[in-house]
Amino acid sequence: MGRDIRYWLVKTEPEVYSIEDLAREPDQTTCWDGVRNYQARNFLRDQMRLQDRVLVYHSNARPPAVVGTAVVVREGYPDHTAWDPKSAHYDPASTPDNPRWWMVDLRLEQVFEQPLPLDELRQVPALKEMELLRKGSRLSVQPVRPEEFKTILKLASQRARTAR
DNA sequence: GCCAACGTTGGC
DNA sequence: GCCAACGTTGGC
């Protein structure tokens, strides 16, 4: 018997790497590199499992918004960009023998027809407890409750229908 | 561009 | 181990 699927949210700055960039990748799959926060690292390394589902969020965007979903297709492995002096995420403290930073591979599931902006999510009572909406929340990889994930998907499909 | 909130670093 | 200084995140 397999473990229950878990749900997550990952942030990305669309000017750096957007969900449209993900859609253009071979197999619409990418390694989610560059996470340099220990709490987020621990989620990537210890808790994300194959088939877990992920909300993709555009931060530092206008407007900031949840823009689609992805699925975990490879579990945690060392983030080799930490070993590359030319990488923006280079960290000399991380070595192949003793890696400090980890990543997973994500494959695009769907790009929402209509993004769900942050300020609208704040209006949804069912999402009140979401980590994303907490004041001062900065975690770039964070757990999402199953009900929250379902609520977001429902909002996205409702919005798509309304827009047509 | 501002700045509040947060995480990390390093002197002590 | 404390905590001030500093750097980063990310909404606005």
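These values consider heavy atoms only, across backbone and side chains, with no hydrogens, waters or symmetry-generated copies. So that the names make sense, note that chain A is the first sequence line, chain B the second, and so on, each numbered from 1. Only a predicted model underlies this, so the values are computations on that prediction, with no experimental measurement involved.
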Notebook entry, point to check: Judged by modelled atom types alone, do D97(A) and T95(A) share a side-chain donor-acceptor pair under 3.5 Å?
Noted result: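 Checked: D97(A)/T95(A) side chains show no N/O donor-acceptor pair below 3.5 Å.
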Integer-rounded Å distance: [N] [atom2] and [X] [atom1]:
| X | N | atom1 | atom2 | answer |
| --- | --- | --- | --- | --- |
| E15(A) | dG10(C) | CD | P | 14 Å |
| L118(A) | dG10(C) | CG | C1' | 10 Å |
| R62(A) | dG11(C) | CZ | C1' | 12 Å |
| L133(A) | dG11(C) | CG | P | 11 Å |

Item checked: Residue closer to the 5' end of DNA chain B, K135(A) versus R100(A) (nearest nucleotide) ->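 It is K135(A) whose nearest nucleotide is closer to the 5' end.
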Margin query: Could you list the cluster mates of I152(A)? Members are the ILVMFWY residues connected by side-chain heavy atoms closer than 4.5 Å, either directly or through other members.
Written below: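 Reading the cluster by chain and number, I152(A) sits alongside I5(A), Y7(A), L9(A), L55(A), Y57(A), V66(A), F112(A), L116(A), L118(A), L121(A), V124(A), L127(A), M130(A), L132(A), L133(A), V144(A), F149(A), L153(A), L155(A).
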Check: Apart from W83(A) itself, what residues make up its hydrophobic cluster, given side-chain heavy atom links below 4.5 Å?
Finding: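 Reading the cluster by chain and number, W83(A) sits alone, since nothing else belongs.
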Check: What residue among D91(A), D79(A), T81(A) forms side-chain hydrogen bond (donor to acceptor under 3.5 Å, both in side chains) with W101(A)?
Finding: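 The option that passes is D91(A).
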Check: Taking C-beta and beyond as the side chain, do R107(A) and L22(A) meet within less than 4.5 Å on heavy atoms?
Finding: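 They are not in contact (no side-chain heavy atoms under 4.5 Å apart), so the answer is no.
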Checklist line | Protein-to-nucleotide contact annotation, 5' to 3' order, nucleotides 2-9 of chain C [B base; S sugar-phosphate only; - none; under 4.0 Å, heavy atom] | finding: -----BBB
Checklist line | Electrostatic pair R122(A)-D119(A), nearest N-O below 4.0 angstrom | finding: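 Result for this pair is no, no salt bridge flagged.
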